[in-house]
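To keep things clear, I will list the structure first and then write my remarks on it.
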Amino acid sequence: MVERSVPRVAIVGAGFGGLWVAKALAGKPVEVTLIDKNNYHTFFPLLYQVAAAEVDPGDIAHPVRNILRGMKNVRFNLAEIQAVDYDAQLLEAGDLKIPYDYLVLATGSTSAYFGVPGAQEFAFSLRTMQEAISLRNHILCRFETASFEQDPEVRRRMLTFAIVGGGPTGVEFAGALEELIRGPLAKDFPGLDLSEVSVLLLEGTDHLLLNLPERLSAFTLRRLQKMGVEVRLGAMVAEVLPDAVRMKAGEVIPTETIVWTAGVKGNAVDGWGLPVNRAQQIEVMDTLQVAGRPNVYVIGDLAAAQYDGKLLPMLAPVATQQAEAAAENILRQVQGSEPQPFEYTDLGTMAVIGRNAAVANLFGRWSFTGFVAWAMWLGVHLFRLIGFRNRLVVLTNWAWDYLFFERVVRLILP
Ligand SMILES: Cc1cc2nc3c(=O)[nH]c(=O)nc-3n(C[C@H](O)[C@H](O)[C@H](O)COP(=O)(O)OP(=O)(O)OC[C@H]3O[C@@H](n4cnc5c(N)ncnc54)[C@H](O)[C@@H]3O)c2cc1C
């Protein structure tokens, strides 16, 4: 490693991991370059609300340069990294070469399709802002087209929405979609027969929200069913077709909308040339460094990090806590000390199920359901959103929706 008076730290990805490393290194004796292929940071926990026309894309995204203002030793590069040359200590993005002394890889995760034929080609994924916007457009277009379709069979296919995966994203999106349809869209399309519309949630195991206690899973199931979502457990998808989904049991469900929330894997170009696990996450040591590469850290969804013998989940608090630990370890190395193992605090998990209901498991110990959990969910998500303006706009949208059963952002923007 080349020793410089001020070492250079390059961070790839301005998500919950990368951005928090940059914040932790602001004002410290290092030169930081933060790189992202987008010029904004996305608050993913509310992405499903963009797809369900509940909030505008701009309400849950924040320009990175704006966040970095005032951090004199941190600069931003808008670039998509394609490869890492570990020997030359260079990041490569076409003609752009970014040198580093310390590297933090935090490029997050992407959908995993487990080899299900047609899933990648024909299903909608809900992992990026672009995907959420195209899903919203597609759903609103199905209603427009169905409103003048004469054939009832075709109309039913257009108005059947299948969500694959009963994890937090599938559950939250199913609830929000059902409310969009039964509320604002029912009023927008008075000629539409609502009995022709169905929202299906297809889960391969016999549980929703697998990582939460049984009581919360059962509450979620009852609540979704009460809202009108048709939840099918033990429902394994065998194939996704352009206009249908074929189940392992043989049934073919005609639908023009299949939303895939069933699996995630590490998001890296060829694993960034490093050893990966089955979920394409990069193997790291307890210090979050890559074995044999002491100046390379991997954090967030991309890291196969273990704590107490268990693989850590892909959650925002894991990424932000790892970010702080990686930043501290880099500073330790700069000062000639040894990096320390990462200590994880489990803050818990929450999922919202439409208005007035949510489930929350705090610190892995205390469980809440219903209105109390919903109020907690609202508070936590508003607090974690970046930017006062975004908080105010999101709160106003939620209040409007809550009081008037209206969604203000039903624009089809190709
Ligand atoms: C729909 C959805 C809902 C979620 N809900 C919750 C929730 O309620 N609670 C919770 O705790 N967690 C939730 N998560 C998970 C949480 O968002 C992730 O755990 C967290 O974002 C991981 O942070 P990260 O920094 O590893 O990755 P990310 O936040 O995904 O950031 C990765 C960044 O890397 C950039 N990038 C990727 N490839 C490149 C490249 N080649 N070059 C340059 N830049 C690149 C991306 O643009 C992105 O900005 C949700 C995730 C999704 C998708």
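One-based numbering, in listed order, for ligands and for the atoms of each.
- Proximity to Glu80 (heavy-atom distance under 4.0 Å) selects the following atoms of ligand 1: 41 (N), 42 (N).
- Of the listed residues (Leu105, Thr107, Leu47), the one carrying the non-hydrogen atom nearest atom 37 (C) of ligand 1 is Thr107.
- Remark: distances from the non-hydrogen atoms of Ala106 to ligand 1 include one below 4.0 Å.
- Of the candidates Asp36, Val21, Val104, the one placing a heavy atom closest to atom 48 (C) of ligand 1 is Asp36.
- Classification of the Phe371-Trp374 ring pair by plane angle, with boundaries at 30° and 60°, yields tilted.
- Residue-ligand proximity, Gly13 to ligand 1, at heavy-atom distances under 4.0 Å covers atoms 33 (C), 34 (O), 35 (C).
- The nearest protein atom to atom 19 (O) of ligand 1, hydrogens excluded, is given as Asp301 OD1, 2.7 Å; this is a heavy-atom distance.
- With a 6.0 Å radius and a threshold of 12 heavy atoms from other residues, nucleotides or ligands, Glu121 has its CD atom above the threshold.
- Of the candidates Lys37, His41, Met350, it is Lys37 that places a heavy atom closest to atom 44 (N) of ligand 1.
- Listed by number with element, the atoms of ligand 1 under 4.0 angstrom from any heavy atom of Leu315 are 10 (C), 11 (O), 12 (N), 19 (O).
- Nearest to atom 21 (O) of ligand 1 among the protein's heavy atoms is Phe16 CD1, 3.2 Å.
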Determine, step by step, whether Phe161 and Phe143 satisfy the ring-ring contact (aromatic ring centres under 6.0 Å, His included) criterion, reporting the C-alpha distance in whole Å, the side-chain angles of both residues, the deciding distance to 0.1 Å, and the verdict. CA-CA 11 Å; Phe161 302 91; Phe143 278 85; 5.8 Å; yes
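- Atom NZ of Lys310 sits in a sparse spot, with 12 or fewer heavy atoms from other residues, nucleotides or ligands closer than 6.0 Å.
- Ring-centre distance between His62 and Phe43: not below the 6.0 Å cut-off.
- The shortest contact between atom 13 (C) of ligand 1 and any protein heavy atom is with Pro45 CG, 4.1 Å.
- Regarding atom 53 (C) of ligand 1, its nearest protein heavy-atom neighbour is Arg127 NH1, 3.3 Å.
- Sparse packing is recorded around CZ of Phe383, with 12 or fewer heavy atoms of other residues, nucleotides or ligands lying under 6.0 Å away.
- Of the heavy atoms in Asn267, only side-chain atoms (C-beta onward) come closer than 4.0 Å to ligand 1.
- Between the CG atom of Leu200 and the CD atom of Glu230 there is a distance of 5.0 Å, given to the nearest 0.5 Å.
- Between Phe122 and Ile258 the shortest side-chain heavy-atom distance does not fall below 4.5 Å.
- Ligand 1 places these atoms under 4.0 Å from at least one heavy atom of Asn38: 47 (O).
- Annotation for Arg75: atom CZ does not count as buried by contact number, only 12 or fewer foreign heavy atoms lying within 6.0 Å.
- Atoms of ligand 1 found under 4.0 Å from any heavy atom of Gly15, numbered from 1 in the order shown, are 25 (O), 28 (P), 29 (O), 31 (O), 33 (C), 49 (O).
- Here His138 and Phe124 bring their ring centres to under 6.0 angstrom of each other.
- The ligand atoms of ligand 1 that sit less than 4.0 angstrom from a heavy atom of Gly300 are 26 (O).
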Would Leu208 and Leu224 satisfy side chain to side chain contact (heavy atoms under 4.5 Å, CB included), going step by step from the backbone distance to the final call? CA-CA 11 Å; Leu208 295 176; Leu224 283 174; 4.0 Å; yes
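- Distances from ligand 1 to the non-hydrogen atoms of Phe43 include no value under 4.0 Å.
- Here the protein heavy atom with the shortest distance to atom 50 (C) of ligand 1 is Phe44 CB, 4.0 Å.
- Among protein heavy atoms, the minimum distance from atom 40 (C) of ligand 1 is reached at Ile81 N, 3.8 Å.
- For the side-chain contact (heavy atoms from CB on, under 4.5 Å) criterion with Ile253, the lone passing option out of Arg246, Arg157, Met247 is Met247.
- In terms of heavy-atom proximity, Val318 sits nearest to Phe342 at O-CZ, 4.5 Å.
- Comparing Ala79, Gly170, Gly108 against atom 43 (C) of ligand 1, the shortest heavy-atom distance belongs to Ala79.
- Below 3.5 Å of separation, one finds an N or O of Gly17 facing an N or O of ligand 1.
- Within 6.0 Å of NZ on Lys97 lie more than 12 heavy atoms contributed by other residues, nucleotides or ligands.
- Under a cut-off of 6.0 angstrom, the local environment of CG in Asn356 is crowded, with over 12 non-hydrogen atoms contributed by other residues, nucleotides or ligands.
- Shortest contact from atom 12 (N) of ligand 1 to any protein heavy atom: Ala316 N, 3.3 Å.
- Contact annotation for Trp272 and ligand 1: only side-chain heavy atoms (C-beta onward) come within less than 4.0 Å of the ligand.
- Atom 15 (C) of ligand 1 has Met314 O, 3.7 Å as its closest protein atom, hydrogens excluded (heavy atom only).
- Ligand 1 places these atoms under 4.0 Å from at least one heavy atom of Leu126: 1 (C), 53 (C).
- Set against the non-hydrogen atoms of Thr169, the atoms of ligand 1 under 4.0 Å away are 1 (C), 2 (C), 3 (C).
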